S.K.: 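The following block contains the structure, expressed as structure tokens.
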Protein chains: 2
Amino acid sequence: MTTGTQPLRRRATVKDVARLAGVSAGTVSNALSGKRPVDAATRERITSAIAKLGYVPNLAARGMRTGRAGTIAIFSSMPTAVAAGPSRLGFLMELAASAAIAALESNVALLLVPPIEDPATALATIAFDGAILVEPEARDPFLAVLAARGVPTVVIGPAGDRPPLAVELDYKVMAELLFDHLAERGARRFPLVIGESARASNAAFREVYLTRCAASGLEPTVISLPEADAERGARDALLRHISDGHDIDGVLVPIDAMATGVMQALRTAGLGVPDRVKVATRYDGIRARSEMPALTALDLKLDRVAQLATRMLIGAIDGGADTGAAQGSAEPPAPRLIARGSTGMTGRTGTTDSASRNA
Amino acid sequence: MTTGTQPLRRRATVKDVARLAGVSAGTVSNALSGKRPVDAATRERITSAIAKLGYVPNLAARGMRTGRAGTIAIFSSMPTAVAAGPSRLGFLMELAASAAIAALESNVALLLVPPIEDPATALATIAFDGAILVEPEARDPFLAVLAARGVPTVVIGPAGDRPPLAVELDYKVMAELLFDHLAERGARRFPLVIGESARASNAAFREVYLTRCAASGLEPTVISLPEADAERGARDALLRHISDGHDIDGVLVPIDAMATGVMQALRTAGLGVPDRVKVATRYDGIRARSEMPALTALDLKLDRVAQLATRMLIGAIDGGADTGAAQGSAEPPAPRLIARGSTGMTGRTGTTDSASRNA
DNA sequence: AGCTTGAGTTAAATCGTTTTAGTGCAGACT
DNA sequence: AGTCTGCACTAAAACGATTTAACTCAAGCT
């Protein structure tokens with residue numbers, strides 16, 4: 001009982017378009033891609049045929065022919081990215097969201113690859129042209145598999161030994177910004193509370209901290225903790241430090257979960273922030289912003305970082321597939337200090353919540 | 001001057017495998033998919049050939065033949081998901097992360113689709129077999145496009161007029177849990193601070209709040225605010241409410257950004273939480289957890305919700321592609337109250353970081 | 001003995017696009 | 001007049017998998 005003219009709706013193909021426009025399939029393809037010139041009148045007929053038929057290209061077929069999947073994947077190798085809680089997730093997801101936007105601008109979709117035990121599985125299961133790897137570990141299993149398979153890869157974080165493309169986050173500059181700000185705000189005895197793992201960022205913070213302390217004649221105290229259970233760990237460690245009789249007037253605590261713990265410890269110990277103790281952290285996530293008072297942190301410009309990484313990757317995919325010389329690393333935008341209440345800065349710099357007066 | 005035996009590395013295909021194993025391509029395919037029986041010995045030769053050649057199937061080719069892209073997309077239609085800040089993003093990303101894991105279990109990858117102006121673009125640019133749509137609006141443009149194109153879609157949130165598949169978040173139950181908890185904790189004059197938009201969740205909270213107030217003989221006060229600039233808006237509105245002479249002993253404030261604002265207002269007004277005022281919110285994100293004291297909230301079990309949605313979607317893709325009868329909605333796991341310091345509960349109920357003890 | 005059934009296999013068709021190798025044709029240069 | 005060049009286009013050949021149709025052989029049933 002259908003009207004008869006309807007040929008039982010099959011998805012229109014390039015051939016249907018070609019027939020309706022009175023040209024060959026190849027010409028339709030050229031009109032669409034612009035790879036070869038097509039007469040204006042012809043193009044006109046083609047586009048109207050496309051509209052009439054509601055033609056949408058079959059991306060799988062295109063992909064097979066071109067060898068492109070039209071996707072890039074973003075990995076975080078942290079085995080426990082999810083278990084590590086919303087904070088770690090926040091960092092990754094902030095990157096992912098911006099990368100997704102940047103990718104779409106180049107007609108590329110972003111695949112979110114969950115942390116899995118077996119990296120090889122992902123590669124056999126998921127089609128993608130390139131990968132963004134967020135803060136890989138020392139000898140990262142994902143990186144190994146990706147390299148072995150020859151997948152173009154951009155690392156966000158430290159550029160390891162044999163670096164693929166990388167957006168190098170400059171942990172030293174971050175450390176310096178925070179250290180100098182604390183010093184400038186008058187802190188003289190501020191421990192560094194940091195993760196004990198061998199991550200590049202931990203190392204950089206340690207190094208800068210020790211160097212700067214030596215240069216300024218300050219006594220360094222490094223409190224190293226496991227990254228797992230960071231919040232409670234930092235709280236307990238700092239409480240112990242204080243009750244051991246150490247007198248502090250600041251804390252440099254890059255990892256935001258630890259910063260939350262530090263703030264709890266300070267409250268418990270009755271040390272007012274910022275009057276008695278100044279606190280500064282690195283990642284300006286929700287934790288930093290919703291502390292009372294809000295924490296001085298860094299604007300890492302993750303949106304720009306993700307954008308940069310995405311563009312590098314897409315460039316590498318398009319251009320240097322064979323050009324092995326496509327090695328290189330880009331400098332991300334410089335981080336910027338966001339001075340907030342936790343170092344005694346009230347103000348217009350950050351969010352609105354300076355109303356943090358302890359009743 | 002290569003060693004000669006190396007035939008200039010081309011990616012191995014199913015034909016190469018077949019040749020080496022001494023069978024036909026079809027048999028290799030059957031061995032891989034298990035769709036048809038293959039002799040054990042033959043299978044053995046095939047798998048070893050695969051290993052020897054390092055064969056990885058070309059997913060684009062497979063996809064073209066099978067008509068499957070092997071991906072699902074997750075959308076949030078909120079035009080401003082990113083601009084709305086990390087909090088809103090947190091909700092979406094928590095879902096996305098779990099969905100990605102669930103999808104991978106079925107050998108499906110998750111595409112993160114950024115919010116874009118023109119929904120049609122995404123469909124022409126990105127290949128996916130189905131979509132998860134997070135909390136669509138009343139007449140959502142994405143939903144319209146997806147439906148028009150016949151893409152299987154699962155909605156997380158309210159099931160609209162003509163529902164596709166949906167995981168219905170039960171906003172009423174959420175509202176009841178929170179309302180009843182506040183009442184049980186002794187609050188008698190607690191306003192509802194809520195978004196003014198027509199979102200289903202706002203409506204449900206209003207309705208439950210008014211009904212429950214009437215039933216318990218409490219005087220209702222609804223403070224409606226624009227969702228944009230929620231934090232500051234809630235703070236200012238509540239301060240005004242208080243300085244107007246209203247005496248309150250609780251706040252029901254489902255939206256977590258508003259809850260942050262409410263807490264600021266209470267601190268400014270010198271009203272202690274939980275002694276003078278009890279506060280409860282809905283989404284147990286970082287905001288709720290890192291407030292001082294931590295906020296009583298709901299465990300929405302978003303991981304299970306995402307998992308459920310993903311499985312429903314994959315089921316619909318596999319099974320009911322033509323079966324138009326594949327309509328239906330699933331009930332998500334019931335939300336659970338996480339009582340915390342903001343309603344005077346200290347405790348073991350929630351996450352590990354409940355250590356919010358006021359010194 | 002005759003018939004069906006199922007396992008195991010293969011050659012060939014197929015999916016929908018892009019690319020290759022030509023084909024005319026017009027104009028510009030020697 | 002002859003040769004080139006570039007435009008606009010076409011027919012046919014990939015791309016690499018899965019699926020179909022067909023075939024053989026052995027076993028099970030009546």
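We use all heavy atoms of the structure for the numbers below, so side chains are in, but hydrogens, waters and symmetry mates are not. Computed from a predicted model, the values in this text were never measured in an experiment. Every chain is numbered from 1, with letters handed out A, B, ... down the list of sequences.
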S.K.: For the side chain of B:T13, starting at C-beta, report the closest nucleotide among C:dT17, D:dG16, C:dT10.
M.R.: D:dG16
S.K.: Which atoms form the tightest heavy-atom contact between B:A97 and A:M93, and what is the distance?
M.R.: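 Heavy atoms of B:A97 and A:M93 come nearest at CB-CE, 3.8 Å.
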S.K.: For A:R68 and C:dT17, what is the distance between atoms CZ and P respectively, to the nearest whole Å?
M.R.: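 The answer, rounded to whole Å, is 19 Å.
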S.K.: For residues 303-315 of chain A, tabulate all N or O donor-acceptor pairs below 3.5 Å that involve a side-chain atom, not counting sequence neighbours.
M.R.:
unit_1: A:T310; atom_1: OG1; unit_2: A:A306; atom_2: O; d: 2.7
unit_1: A:R311; atom_1: NH2; unit_2: A:E105; atom_2: OE1; d: 3.3

S.K.: Of the residues in residues 25-41 of chain A, which ones touch DNA chain C at a heavy-atom distance under 4.0 Å?
M.R.: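 Listed by number, they are A:G26, A:S29, A:K35, A:R36.
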S.K.: Roughly how many Å is it from CG in B:L59 to P in D:dC15, rounded to a whole number?
M.R.: 18 Å
S.K.: Can you see if the side chain of B:T42 gets near the phosphate of C:dT9 - specifically, an N or O under 4.0 Å from OP1 or OP2?
M.R.: yes
S.K.: What is the bend of the helix from C:dA1-D:dT30 to C:dT30-D:dA1 when you compare the axis at one end with the axis at the other, using five pairs each and rounding to 10°?
M.R.: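 The end-segment axes of the helix from C:dA1-D:dT30 to C:dT30-D:dA1 are tilted 40° relative to each other.
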S.K.: Output the rounded distance in Å from CZ (A:R62) to C1' (D:dA17).
M.R.: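 Distance check: A:R62 CZ to D:dA17 C1' gives 19 Å.
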S.K.: Is B:R68 salt-bridged to B:D318, going by a charged N under 4.0 Å from an acidic O?
M.R.: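 Result for this pair is yes, salt bridge flagged.
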S.K.: Round to a whole Å and report the spacing from CG of B:N58 to P of D:dC15.
M.R.: 11 Å
S.K.: Atom CZ of A:R65 and atom P of C:dT18: how far apart are they, to the nearest Å?
M.R.: 10 Å
